[in-house]
Amino acid sequence: MAESPIKNIRLKAMDFLARREYSHKELKQKLFERFPDSAEIEQVLDGLTKDGLQSDARFADSFFRLRVNAGYGPNYIRAELRQRGIDEALVAEVFSEQGVDWGEAARQVFDKKFSGVDLSDQKARAKCMRFMQYKGFTFDQIKDLF
């Protein structure tokens with residue numbers, strides 16, 4: 001007797017979630033790659049959310065901490081969370097709950113990357129600013145470093 005598609009999809013989803021947190025959107029994409037013709041994916045995802053096995057809030061918290069520890073700024077993190085399907089209200093909630101001192105975070109990234117750089121040289125200064133913008137820090141946070 002063949003196993004039901006819902007059971008197979010749920011087992012695969014739980015396998016993914018056992019490794020790391022996934023947003024609803026990411027997990028849906030991964031399951032569609034594995035089960036392209038399945039109409040039951042959304043039903044399985046709703047069940048996982050209801051059972052507490054998948055949570056966008058938990059994913060957002062985990063992802064936020066991971067990115068802050070990797071030296072990324074608020075603009076970068078906010079954009080990545082949106083890209084992963086996290087709604088703006090939840091993004092705002094995560095940012096307010098975490099209480100990161102972005103000025104200090106920017107200082108740590110800057111000091112680690114540019115500790116011996118002569119900032120009187122305009123080219124070097126511009127390079128530092130571009131790097132910090134790429135890492136997702138705001139203009140005011142970057143300006144405070146110089």
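Keep in mind it's a predicted model, so treat the numbers as computed, not measured. The figures that follow rest on heavy atoms only: side chains count, while hydrogens, waters and symmetry mates do not.
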Steps toward salt bridge (charged side-chain N to carboxylate O under 4.0 Å, His left out) verdict (R10, D15): CA-CA 8 Å; R10 184 174 172 93; D15 187 40; over 6 Å; no
Residues K30, E26; criterion salt bridge (charged side-chain N to carboxylate O under 4.0 Å, His left out); working and verdict: CA-CA 6 Å; K30 288 191 81 62; E26 286 179 319; over 6 Å; no
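At least one side-chain heavy atom of L31 sits under 4.5 Å from a side-chain heavy atom of F16. Side-chain atoms of M129 and F146, non-hydrogen and from C-beta on, do get closer than 4.5 Å to each other. Under the 4.5 Å side-chain criterion, counting only non-hydrogen atoms from C-beta, K135 is not in contact with K113. At a threshold of 4.5 Å between non-hydrogen side-chain atoms, the residues D111 and R107 count as touching. With a 4.5 Å cut-off on side-chain heavy atoms, K127 and R130 count as touching. Inter-residue side-chain proximity for E93 and I86 is flagged as unmet; no heavy-atom pair is nearer than 4.5 Å. Within the 4.5 Å cutoff, the side chain of K143 has heavy atoms near those of the D140 side chain.
V109 and G71 get closest at one heavy-atom pair: CG2-O, 3.4 Å. A pairwise comparison of heavy atoms in P74 and W102 identifies CD-CE3, 3.4 Å as the closest pair. Between I41 and F35, the shortest heavy-atom distance links the atoms CD1-O, 3.7 Å.
Hydrophobic clustering (ILVMFWY, side-chain heavy atoms < 4.5 Å, transitive): V68 and L145 are in one cluster. Hydrophobic clustering (side-chain heavy atoms under 4.5 Å, transitive across Ile, Leu, Val, Met, Phe, Trp, Tyr) keeps L48 apart from F63. Cluster membership check: V100 shares its hydrophobic cluster with V94, using side-chain heavy-atom separations under 4.5 Å among Ile, Leu, Val, Met, Phe, Trp and Tyr. Taken together through direct or relayed side-chain contacts under 4.5 Å among Ile, Leu, Val, Met, Phe, Trp and Tyr, V44 and F32 form part of one hydrophobic cluster.
Cation-pi contact between R84 and F59: absent, since separation from the ring centre below 6.0 Å together with deviation from the ring axis within 45° is not met. For the pair R20 and Y22, the cation-pi test (distance below 6.0 Å, angle within 45°) is passed.
A salt bridge is absent between D121 and R125: the closest approach of a Lys/Arg side-chain nitrogen to an acidic carboxylate oxygen does not fall below 4.0 angstrom. Using a 4.0 Å cut-off between a side-chain N of Lys or Arg and a carboxylate O of Asp or Glu, R65 and D61 do not qualify as a salt bridge.
Between atom OH of residue Y72 and atom CG of residue L66 there is a gap of 9.5 Å, rounded to the nearest 0.5 Å. Atom CZ in F64 sits 8.5 Å away from atom CG in L81 (nearest 0.5 Å). From M132, atom CE reaches atom OG1 of T138 across 9.5 Å, with rounding to the nearest 0.5 Å. Rounding to the nearest 0.5 Å places CG of D46 at 10.5 Å from CG of D51. Taking CG of L17 as the reference point, atom OG of S55 lies at 10.5 Å (rounded to 0.5 Å). In this structure, S23 OG and R58 CZ are separated by 12.5 Å, a value rounded to the nearest 0.5 Å.
A donor-acceptor pair under 3.5 Å is absent between the side-chain atoms of K50 and the main chain of L45, judged by distance alone. Between the side chain of R82 and the backbone N or O of V91, no donor-acceptor pair lies under 3.5 Å.
Inspection of the Q54 and T49 side chains reveals an N or O donor paired with an N or O acceptor under 3.5 Å. A donor and an acceptor atom, one from each side chain of H24 and E42, are located under 3.5 Å apart.
Scanning for side chain to side chain contact (heavy atoms under 4.5 Å, CB included) contacts around D101 gives E104, with sequence neighbours left out.
Residues Y76 and F137 place their aromatic rings such that the two centres sit no closer than 6.0 Å. For F114 and F131, the ring centers sit closer than 6.0 Å to each other.
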